[in-house]
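Naming convention: chains lettered A, B, ... in sequence-line order (proteins, then strands); numbering from 1 in each chain.
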Number of protein chains: 2
Amino acid sequence: MSKSESSDTAQYAFDGLDRVLHEKARLGMLSSLMANPQGLLFNELKDLCNLTDGNLSRHMQVLQDAGLVEVWKGTQGKRPQTLVRMTEQGRERFMRYINVLEQIVNDAIEASRAGKQVPNARRTGWDWSPA
Amino acid sequence: MSKSESSDTAQYAFDGLDRVLHEKARLGMLSSLMANPQGLLFNELKDLCNLTDGNLSRHMQVLQDAGLVEVWKGTQGKRPQTLVRMTEQGRERFMRYINVLEQIVNDAIEASRAGKQVPNARRTGWDWSPA
DNA sequence: CCCTGTACTTTCCAACGCAAAGCAACCCGC
DNA sequence: GCGGGTTGCTTTGCGTTGGAAAGTACAGGG
């Protein structure tokens, strides 16, 4: 079996793509919270991200455990309400992630521009067959 | 349980984030292949994305089944070699995905600029306690 | 009282990613 | 010419995860 020479040659390994952040639902939540730094209520967030209750609850916990958001349990009268906000660390990590995304996007656009018309050439001196 | 009003209010649902594409390893593979439209050999791709053999094999199949890449089995002398290329559909879907990413990135940068200094204000008329 | 609604939490299961093991063909030394 | 190593992948097995559904808790309303 072959060895991996780490990121020396691996320019497309995308090490910066943090698993916790790189996830549809969570990315949506964090984006919402970045746009609403004062925090969002459980149901506001749920609607913004189009998540089910259970789903949101689950992902919220993940983000909280990771220290990316802070969760406040509150009441008005006696109705419980949960408020979520980004932490400072959350902001930082999110922006770091976004920077990686930006890089990927730029590279992709660059690549797609560069490789517009590709010849049908496979490698010569080989016999290829599909699939 | 609450209903989801679809994407009317759900501006952060990120429906465009195709699951097949939105995945570290696969995103890396596709980026590599976009940058090398003539195709890449199994091991070239493996090194570029810093993947193990098994891993690459698995993800390649997923991408192939999704119609995003085409796979050519070939030989030189008698050594087998696998060549992978983007399909036209692959290119399209990838760029669509990248456009969504771009949007997310721009929104995030915008949001982070806008919400620089946030007051510590929670919602008034409530009693909050952490976690 | 009970029943409906709100506000979440927990449970369960299928799908997925990843590492390790497996397989097949070739090449080399002796 | 046949064992052992190498190359080039594939397959298997397992631990983790995301998501739907079910569950809990409490608060009005009839």
Side-chain angles (χ1 to χ4, degrees), chain A residues 1-4 10 13-15 17-30 40-47 49-66 69 71-84 123 126-129 131, chain B residues 1-4 10 13-15 17-30 39-66 69 71-84 123 126-129 131:
Chain A
M1 181 164 294
S2 3
K3 259 202 5 182
S4 41
F14 297 158
D15 294 340
L17 281 195
D18 188 332
R19 274 276 142 125
V20 177
L21 299 165
H22 190 65
E23 160 75 55
K24 225 167 106 118
R26 250 130 45 194
L27 189 51
M29 292 170 66
L30 294 176
L40 288 168
L41 297 177
F42 190 95
N43 281 301
E44 293 171 341
L45 198 51
K46 196 185 70 179
D47 291 342
C49 303
N50 206 25
L51 293 168
T52 60
D53 297 29
N55 234 264
L56 175 54
S57 184
R58 200 131 185 338
H59 288 302
M60 230 172 63
Q61 193 129 9
V62 173
L63 291 176
Q64 188 183 11
D65 290 353
V69 303
V71 179
W72 294 78
K73 299 290 183 185
T75 54
Q76 184 186 45
K78 230 19 184 355
R79 292 221 149 282
Q81 288 280 262
T82 301
L83 183 74
V84 205
R123 265 161 229 234
W126 302 68
D127 59 320
W128 297 103
S129 61
Chain B
M1 179 164 295
S2 3
K3 259 202 1 179
S4 43
F14 297 158
D15 294 340
L17 281 195
D18 188 333
R19 270 280 141 110
V20 177
L21 299 167
H22 189 65
E23 160 74 54
K24 228 168 103 117
R26 250 131 44 193
L27 189 51
M29 293 170 64
L30 293 177
L40 288 168
L41 297 177
F42 190 95
N43 281 301
E44 293 171 340
L45 199 50
K46 195 185 71 180
D47 292 342
L48 281 170
C49 303
N50 205 26
L51 293 168
T52 61
D53 296 29
N55 235 268
L56 175 54
S57 184
R58 195 89 197 34
H59 287 302
M60 230 173 63
Q61 194 130 4
V62 173
L63 292 177
Q64 189 184 10
D65 290 352
V69 303
V71 179
W72 294 79
K73 300 291 184 186
T75 54
Q76 184 186 44
K78 227 28 183 348
R79 291 222 148 282
Q81 289 279 262
T82 301
L83 183 75
V84 203
R123 266 163 227 232
W126 302 68
D127 58 320
W128 296 103
S129 60

Open item on the list: If you compare every side-chain N and O of B:Thr82 against the phosphate oxygens of D:dC9 (OP1, OP2), does one of them come in below 4.0 Å?
Closed with: yes
N/O-N/O pairs, protein side and nucleotides 26-30 of chain D side, under 3.5 Å:
from	atom 1	to	atom 2	distance (Å)
D:dA27	OP1	A:Lys78	NZ	3.2

TODO: Evaluate side-chain contact (heavy atoms from CB on, under 4.5 Å) for A:Val84 paired with A:Leu63, printing each intermediate quantity in order.
DONE: CA-CA 10 Å; A:Val84 205; A:Leu63 291 176; over 6 Å; no
Open item on the list: Using whole Å, what does the distance between atom C1' of nucleotide C:dG17 and atom NE2 of B:His22 come to?
Closed with: 14 Å
TODO: Look up atom CZ in B:Arg26 and atom CZ in B:Arg58, then write down how far apart they are to the nearest 0.5 Å.
DONE: 8.5 Å
Open item on the list: Please classify the nucleic acid contact of B:Gln61 as base, sugar-phosphate, or nothing, using heavy-atom distances under 4.0 Å.
Closed with: nothing
Task: A:Arg58 side-chain N/O to C:dC12 phosphate OP1/OP2 under 4.0 Å - done: no
TODO: Enter the distance from B:Leu45:CG to B:His59:NE2 here, rounded to the nearest 0.5 Å.
DONE: 11.0 Å
Open item on the list: So if I apply the side chain to side chain contact (heavy atoms under 4.5 Å, CB included) rule between B:Leu40 and each of B:Leu48, B:Asp47, B:Thr82, which one comes out positive?
Closed with: B:Leu48
TODO: Select from B:Lys24 and A:Lys73 the residue whose nearest nucleotide in DNA chain C is closer to the 5' end of that strand.
DONE: A:Lys73
Task: Phosphate contact (C:dC18 OP1 or OP2) by B:Asn55 side-chain N/O below 4.0 Å - done: yes
Open item on the list: To the closest 0.5 Å, what do you measure between CE (A:Met29) and NZ (A:Lys46)?
Closed with: 12.5 Å
Task: B:Asn43 vs D:dG8: side-chain N/O to OP1/OP2 distance below 4.0 Å - done: yes
